[in-house]
Amino acid sequence: MHKIGIIGLGHVGTTVAHILLMKGLADELVLIDQDEKKVAAEYNDFGDSFPRTNHSAVIKQNDYGELADADIVITAFGDIEATNRTGDRFAELPINKKNAREVGAKIKESGFNGILINISNPCDAVLGVLQEATGLPYERIFGTGTSLDTARMQRAVGTTFNEAPQNVDGYVLGEHGNTQFTAWSTIHLDGIPVTKLADEGKVDLDGLATTIRNGAFTIMAGKGYTCFGVATCAALLVEAVFTNKHLFGPVSVYMEKYGCYVGYPAVVGAHGIEDIHEIKLTAEEEELLAKSAETIKDKMKD
């Protein structure tokens, strides 16, 4: 029996819930939001879908006490309008710092001792506040981070060469935000280094990096928010925990080297973060990663 709590039922939290239910990943689902009418509405809407789906679940509403025996809690609270207005995910930090402290305290009070996956922005900074508030060990609290940005990179590179995004591997690292960077030394298309293709004049890496970094705002310009991409990333992490998949990919993970959460590849399994393998980067990329981590820490101090 798998029990999952979702805190924050905006566009992202609701989409995560829908994916988890459709995939049959949740036997029990605890939906929590400040807007009780929204929770009740989603409860009834999901209930209406069950007679026509292959999977269903027991859904609980707005009860932090139900998190005591939950396997996973997903935090998805926030104010997307703040990011939309400014073009900066750190615009949500004053709001979500407060939310993270309050929500974290309630999670701790519930007796929850499972794995927490954060989506709320700015993802890396919010994780630091949530970890402090909940007291959960670092390996059991992590976030989607640059998993989404890496997916955007795969899509952008694949589109450029008319290839499937699954044929692209490598990582976007650092902050899930403006100081993120594509680690081009790690990127391959069909096994061919993309840097080699760039040397041959077949691709403009700077232009692609800008496209990747601005991916969220391109979507928000059209509909005011993003939801499907990041919700899919979260569901993949849930599945990796429940199946002990030892999935290796970019997440927002605490790195002692930098003293904060930052987007970096890690192994995700039944116990959360099972391991962090150091990947080979160029000297320039190492510097970019260190600078991105410093930005996260500086913003948290502010």
Side-chain angles (χ1 to χ4, degrees), residues 3-21 25-26 28-46 57 59-67 70-84 89-110 112 114-134 136 141-145 147-148 176-177 216 220 223-238 251-252 261:
K3 187 173 184 178
I4 303 171
I6 299 178
I7 303 175
L9 290 182
H11 301 295
V12 173
T14 303
T15 304
V16 172
H18 180 67
I19 293 173
L20 295 177
L21 289 170
L25 289 171
E28 288 187 67
L29 196 60
V30 184
L31 304 179
I32 297 176
D33 194 278
Q34 291 178 336
D35 187 341
E36 293 186 3
K37 287 184 178 180
K38 180 70 158 62
V39 175
E42 301 299 0
Y43 168 84
N44 285 300
D45 208 0
F46 286 136
I59 300 179
K60 308 289 180 63
Q61 301 180 63
N62 263 358
D63 185 353
Y64 274 92
E66 285 288 341
L67 301 181
D71 301 293
I72 294 174
V73 164
I74 297 168
T75 45
F77 50 76
D79 179 7
I80 190 62
E81 284 304 314
T83 298
N84 224 348
R89 291 182 183 88
F90 272 115
E92 288 189 71
L93 185 56
I95 303 158
N96 279 345
K97 253 185 165 178
K98 180 175 180 291
N99 288 335
R101 290 193 187 105
E102 292 176 358
V103 167
K106 290 177 181 178
I107 291 173
K108 184 176 182 178
E109 186 181 356
S110 75
F112 173 73
I115 290 169
L116 193 153
I117 300 172
N118 177 58
I119 301 173
S120 299
N121 280 323
C123 185
D124 313 283
V126 168
L127 271 165
V129 181
L130 280 169
Q131 191 281 324
E132 196 174 293
T134 60
L136 289 169
I141 175 168
F142 54 97
T144 48
S147 174
L148 175 58
H176 175 54
M220 288 197 290
K223 67 178 191 176
Y225 60 92
T226 70
C227 60
F228 299 121
V230 70
T232 303
C233 292
L236 183 67
L237 295 177
V238 169
V251 292
S252 183
Y261 280 88

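Just so you know, these numbers come straight off a predicted model, no measurement behind them. Because only heavy atoms are used, hydrogens play no part in the values below, and waters and symmetry mates are left out as well, while side chains stay in.
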Hey, could you give me the CD1/NZ distance between Ile72 and Lys3, rounded to the nearest 0.5 Å?
13.5 Å

Return yes when atom NZ of Lys223 has more than 12 non-hydrogen atoms of other residues, nucleotides or ligands closer than 6.0 Å, and no otherwise.
yes

Kindly give the heavy-atom pair with the smallest separation between Ser120 and Asn96, and that separation in Å.
CB-ND2, 4.1 Å

Show your working on side chain to side chain contact (heavy atoms under 4.5 Å, CB included) between Gln131 and Leu136 and close with a plain yes or no.
CA-CA 6 Å; Gln131 191 281 324; Leu136 289 169; 5.5 Å; no

With rounding to the nearest 0.5 Å, note down the distance linking NZ in Lys97 to CG in Asn99.
13.0 Å

Distance in Å, Cys227 SG paired with Ile80 CD1, rounded so as to fall on 0.5 Å steps:
10.0 Å

Of all heavy-atom pairs linking Glu28 and Ala57, the shortest is N-CB, 4.4 Å

Under the criterion side chain to side chain contact (heavy atoms under 4.5 Å, CB included), which of Val251, Ile141, Asn118 is the partner of Tyr261?
Ile141

Does Asp33 use its side chain to pair, donor to acceptor, with the backbone of Val39 at less than 3.5 Å?
no

Using a 4.5 Å cut-off on heavy atoms from C-beta on, say whether the side chain of Ile19 contacts that of Val238.
no

Can you name the nearest heavy-atom pair linking Gly229 to Leu148, along with the distance?
C-CD1, 3.7 Å

Verdict with reasoning, Val126 to Thr75, per side chain to side chain contact (heavy atoms under 4.5 Å, CB included)
CA-CA 10 Å; Val126 168; Thr75 45; 5.8 Å; no

Worked check of side chain to side chain contact (heavy atoms under 4.5 Å, CB included) between Ile32 and Leu67:
CA-CA 10 Å; Ile32 297 176; Leu67 301 181; 4.1 Å; yes

Locate the shortest heavy-atom distance separating Ile115 from Phe142; write the atom from each residue and the value.
CG2-CE2, 3.6 Å

Which pairs would a plain distance check flag for residues 7-18, meaning a side-chain donor or acceptor within less than 3.5 Å of a matching protein atom at least two apart in sequence or in another chain?
from  : atom 1 : to    : atom 2 : distance (Å)
Thr14 : OG1    : Leu9  : O      : 3.2
Thr14 : OG1    : Gly10 : O      : 2.9
Thr14 : OG1    : Lys38 : NZ     : 3.3
Thr15 : OG1    : His11 : O      : 2.6

Start with the C-alpha gap between Thr134 and Phe112, add the side-chain angles, then the distance that decides, and say whether side chain to side chain contact (heavy atoms under 4.5 Å, CB included) holds.
CA-CA 9 Å; Thr134 60; Phe112 173 73; over 6 Å; no

List for me each residue that meets side chain to side chain donor-acceptor pair (under 3.5 Å) alongside Ser252, sequence neighbours excluded, and say none if there are none.
Asp124

State whether the number of non-hydrogen atoms from other residues, nucleotides or ligands found under 6.0 Å of Glu102 atom CD is greater than 12.
yes

Looking only at heavy atoms, what is the nearest atom pair of Leu93 and Ala125, with distance?
CD1-CB, 3.9 Å

Testing the basics here: between Pro94 and Phe90, what is the closest heavy-atom pair and its distance to 0.1 Å?
CD-O, 3.7 Å

Reported CD1-to-CD1 distance for the pair Ile4 and Ile74, which is rounded to 0.5 angstrom:
5.5 Å

Would you check if the side chain of Gln61 reaches a backbone N or O of Leu31 as a donor-acceptor pair within less than 3.5 Å?
no

Mark yes or no for whether Thr144, through its side chain, and Ile119, through its backbone, hold a donor-acceptor pair below 3.5 Å.
no

Contacts of Asn62 that satisfy side chain to side chain donor-acceptor pair (under 3.5 Å) - sequence neighbours left out
none

So, Glu92 side chain and Pro122 main chain: donor-acceptor pair closer than 3.5 Å or not?
no

